[in-house]
Amino acid sequence: MWKTVRRAAWATVHLVVAVAMAFGVWLFITVLLITATGAAVVVGVWMVPETVLLIRRIAGAKRQLTASWTGRTVPEAYQRLDGTLRERLRTAVRDPGTRTDLRWMLAYYVYGALLFLALPLWPLALVVDGVGCALLRRRAVVLPLIVGLADTEARWSTALLMPSPQARLAARVEELKETRADAIAAHGAELRRIERDLHDGAQARLVALSMRIGLAKRAYDHDPEAARKLLDDAQDQAEEALTELRQVVRGIHPPILTDRGLAGAVRALAAGSGLAVTVDDGGLDEGVRAPAAVEAAAYFVVAEALTNAAKYSGSPRAEVRLARTRRGLSVRVGDEGRGGADESGDGSGILGMRRRVAALDGTVEVTSPVGGGTVVQVELPCVW
């Protein structure tokens, strides 16, 4: 009985907040009329995008209220309102999300007042359910009706605020544009890094090697000892050039990934990180391997996270967990350090991590409270 009463009380609170929001929406008619009048006389056309932004905020607040009652998130899909006034006006008018919000707002003028149907049920519930449950040991009859009204209000709001297929498609296109731009930027930065490493490292050593060999040739006839020393130096430089070339190749696609797979490559990273790293490979050694691009992204995430942990966390320990999921590959790297990771820092590498993962349509979540350690959680979609 008391559980039913509490549920009905929370339903009433939800309806009270809903009717308060509906009252605000009713007052918003004034803003809509002013905007429509200004747009009609052209002088106030600049108000249209701003009004659409206000409508989005109101609809967003309603989505949060509905999600708090149902426990399910109501997604939103809007196009960005930026650029010149003409571009912002065109986007505000053509965005399918605008039509969805306006449709909800018009309907909310009617069903937002369901509270007035719930309030008369409380006195009836005190009589019917109070007597039926306390004396006759029967189930409550009226109180569930109040909960049903709240459920109905939330269900209608969810249906009306759910983005249309066109809006979801437009939002997906915008998301793909951003991830494609990030992928191109990351690819360009990677190419510049490889070019710089080859130019400043291996190429410079090969030029010096060629000069050493040329000098050794000239000195061979009249000073064999000097020529032998020059050849020894040339051999050392050749080995150093080979080492730098191997490092460049590892930056493109680590050979250890091809040879030992993601689990073995991560264990090698853990062994060379300088930290006491616990690795849970989730049985990735067995069964079908993930695609090469997914393995490379996961390897990069682990390498970058362990490097950050060794440099900034101050923790002697770290933990790496790899796991197959129903939709892809999960990577979790955590430490017990000082936390407070700054993603905007130039040396954090988190931005590069996000770009690389976003190019594969994955997600990155960084949790780093001050004094609470840092956890990097990455989800990479793939088919096993």
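Surrounding OH of Y109 are more than 12 heavy atoms belonging to other residues, nucleotides or ligands, all under 6.0 Å away. Within 6.0 Å of CZ in R218 there are 12 or fewer heavy atoms belonging to other residues, nucleotides or ligands.
Salt bridge annotation for R332-E319: present, with a cationic side-chain nitrogen under 4.0 angstrom from a carboxylate oxygen. Taking the charged nitrogens against the carboxylate oxygens, D223 and K229 have no contact shorter than 4.0 Å, which rules out a salt bridge. Electrostatic pairing of D82 and R88 does not count as a salt bridge here, judged by no charged N lying under 4.0 Å from a carboxylate O. With salt bridges taken as basic N to acidic carboxylate O contacts below 4.0 Å, none links R90 and E87.
Under the 4.5 Å side-chain criterion, counting only non-hydrogen atoms from C-beta, S313 is not in contact with R338. Residues F28 and L32 have side chains in contact (heavy-atom distance under 4.5 Å, counting atoms from C-beta outward). For the pair V364/V366, a side-chain contact is recorded, criterion being any heavy-atom separation below 4.5 Å from C-beta on. When side chains are defined from C-beta on, R317 does not count as touching T278, because their heavy atoms never get closer than 4.5 Å. Residues L262 and L329 have side chains in contact (heavy-atom distance under 4.5 Å, counting atoms from C-beta outward). Annotation: side chain of Y78 is not in contact with side chain of P163 (no heavy-atom distance under 4.5 Å). Counting only heavy atoms from C-beta outward, the side chains of T100 and D95 never approach each other to under 4.5 Å. At least one side-chain heavy atom of V357 sits less than 4.5 Å from a side-chain heavy atom of L380.
Applying the side-chain hydrogen bond (donor to acceptor under 3.5 Å, both in side chains) test to every pair with at least one member in residues 26-43, sequence neighbours left out, gives these pairs: T35-T51.
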Next item on the list: Kindly indicate, with the supporting measurements, whether the criterion side-chain contact (heavy atoms from CB on, under 4.5 Å) is fulfilled by V320 and V277.
Entry: CA-CA 7 Å; V320 179; V277 182; 3.8 Å; yes
Next item on the list: Tell me, with the steps shown, if V45 and L89 meet side-chain contact (heavy atoms from CB on, under 4.5 Å).
Entry: CA-CA 8 Å; V45 72; L89 181 62; 3.4 Å; yes
Margin query: W156 vs W104, test: side-chain contact (heavy atoms from CB on, under 4.5 Å). Steps then yes/no.
Written below: CA-CA 9 Å; W156 288 351; W104 162 77; over 6 Å; no
Check: Run the side-chain contact (heavy atoms from CB on, under 4.5 Å) check on V147 and D151 step by step: do they pass?
Finding: CA-CA 6 Å; V147 178; D151 291 338; 3.7 Å; yes
Checklist line | Pair K62-E153, salt bridge (charged side-chain N to carboxylate O under 4.0 Å, His left out): steps then yes or no | finding: CA-CA 11 Å; K62 183 57 186 174; E153 194 276 338; 2.4 Å; yes
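Although no hydrogens or angles enter the test, the distance criterion places no donor-acceptor pair under 3.5 Å between the side chain of T374 and the main chain of S368. At least one donor-acceptor pair closer than 3.5 Å links the side chain of S68 to the backbone N or O of L65. Remark: the backbone N or O of G339 is not paired with any side-chain donor or acceptor of Y312 at under 3.5 angstrom.
By the rule that hydrophobic residues join a cluster once side-chain heavy atoms approach within less than 4.5 Å of another member, M211 and Y220 end up as members of separate clusters. Both M21 and L106 sit in one connected hydrophobic cluster of ILVMFWY residues. Membership requires side-chain heavy atoms under 4.5 Å apart, directly or through other members. Criterion: ILVMFWY side-chain heavy atoms under 4.5 Å apart, direct or through other members. Under it, L117 and F23 are part of a common hydrophobic cluster. No continuous path of ILVMFWY side-chain contacts below 4.5 Å connects V110 to V25, so the two sit in separate hydrophobic clusters. Hydrophobic clustering (ILVMFWY, side-chain heavy atoms < 4.5 Å, transitive): V48 and I58 are in distinct clusters.
Of all non-hydrogen atoms in S330 and Q377, the two that sit nearest each other are OG-NE2, 2.9 Å. Contact between G60 and E76 at its shortest, heavy atoms only, is CA-OE1, 4.4 Å. For A310 against S273, the heavy-atom pair with the smallest separation is CB-O, 4.0 Å. When all heavy atoms of V294 and P381 are compared, the closest pair comes out as CG2-O, 4.0 Å. For the pair I256 and G264, the tightest heavy-atom approach, listed with the atom from each and the gap, is CD1-O, 4.4 Å. Pairing each heavy atom of P96 with each of Q79, the nearest pair is CD-NE2, 3.8 Å.
A distance of 9.5 Å separates CG of L115 from CG of L149, quoted to the nearest 0.5 Å. With rounding to the nearest 0.5 Å, the separation of OG1 in T73 from CD in Q64 is 10.0 Å. In this structure, CG on L209 lies 11.0 Å from CD on E239, to the nearest 0.5 angstrom. Between the CG atom of D101 and the CG atom of L54 there is a distance of 12.0 Å, given to the nearest 0.5 Å. A distance of 4.5 Å separates CD in E225 from CZ in R228, rounded to the nearest 0.5 Å. Rounding to the nearest 0.5 Å gives a distance of 11.5 Å between CD1 of I213 and CG of D233.
A side-chain donor-acceptor contact under 3.5 Å links S157 and Y111.
Under the side chain to side chain contact (heavy atoms under 4.5 Å, CB included) criterion, R324 pairs with L284, W384, sequence neighbours left out.
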